[in-house]
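Everything on this sheet refers to the single structure shown next.
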Amino acid sequence: MTADDSYGRLDDDNFPAYTMGRAAEMLGTTQGFLRALGEARLITPLRSAGGHRRYSRYQLRIAARARELVDQGTPIEAACRIVILEDQLEEAQRINAEYRRVAGSANPASAA
C-alpha cells in the first residue's frame, strides 16, 4: 500500500481506523459499552490481523446515537432497535428522494 492509498482512506467513513480503546475514549464511554453494542448486533467491528476490534467513523456515529438514548434512560436493547430503525428510515428517505429526482427529470412536463 502506498502513502497515497493510505491518505485516501482518511475520508472513508467505513474504514476501520479506531481501536476499541480510542473509540471508547472518543465517545466518552467504556469498552464494555462497545462490546454490548456488538452483542446486540448494532455494530460489528472489523478485526485486525491480531484479532483486535476496529471501528469506523460510521460505526462511531451509530454508537454515539445509541449512547444518547441509553443516557436518557432507554434500555440498551431498545436503544439499538431505535437506532436501526432510524438508520433504515434515513436510507428509505434517501432512496425515495432519488426516485423523485429521477422521475422529475424524466418527465418535466408533469411538474407544470
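- Residue L34 is not grouped with residue F15 when hydrophobic side chains (ILVMFWY) are merged at heavy-atom distances under 4.5 angstrom, including chains of intermediate members.
- Here Q31 contributes atom CD and E25 contributes atom CD; the two are 10.0 Å apart, rounded to the nearest 0.5 Å.
- Side-chain atoms of Y58 and D12 include no donor-acceptor pair closer than 3.5 Å.
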**Study point:** Intermediate values then yes/no, side-chain contact (heavy atoms from CB on, under 4.5 Å), D13 and R61
**Key:** CA-CA 10 Å; D13 262 2; R61 282 195 301 274; 2.7 Å; yes

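- With respect to the salt-bridge test (charged N to carboxylate O, under 4.0 angstrom), the residues R65 and D87 do not qualify.
- When all heavy atoms of A79 and T74 are compared, the pair lying nearest together is N-CG2, 3.6 Å.
- Hydrophobic cluster membership differs between L46 and M26, with clusters built from Ile, Leu, Val, Met, Phe, Trp and Tyr side chains linked at under 4.5 angstrom.
- No side-chain donor-acceptor contact under 3.5 Å links E77 to the backbone of A40.
- Connection of L37 to L69 is established within a shared hydrophobic cluster, with ILVMFWY side chains joined at heavy-atom distances below 4.5 Å, either directly or through further cluster members.
- In this structure, D71 CG and T29 OG1 are separated by 7.5 Å, a value rounded to the nearest 0.5 Å.
- Within the model, atoms CD1 of I62 and CG of L42 stand 6.0 Å from one another, a figure rounded to the nearest 0.5 Å.
- In this structure, Q88 places its CD atom where more than 12 heavy-atom neighbours from other residues, nucleotides or ligands lie under 6.0 Å away.
- L60 and L27 make their closest contact through O-CD2, 3.6 Å (heavy atoms, listed as atom of the first residue, atom of the second, distance).
- Separation of atoms NE2 (H52) and CZ (R47) is listed at 9.5 Å; rounding is to 0.5 Å.
- How far CE of M20 is from CZ of R54: 10.5 Å, rounded to the nearest 0.5 Å.
- Contact of the P45 side chain with the Y55 side chain is registered, since non-hydrogen atoms from C-beta on lie closer than 4.5 Å.
- Atom CD of E91 and atom CD of E86 lie 14.5 Å apart (nearest 0.5 Å).
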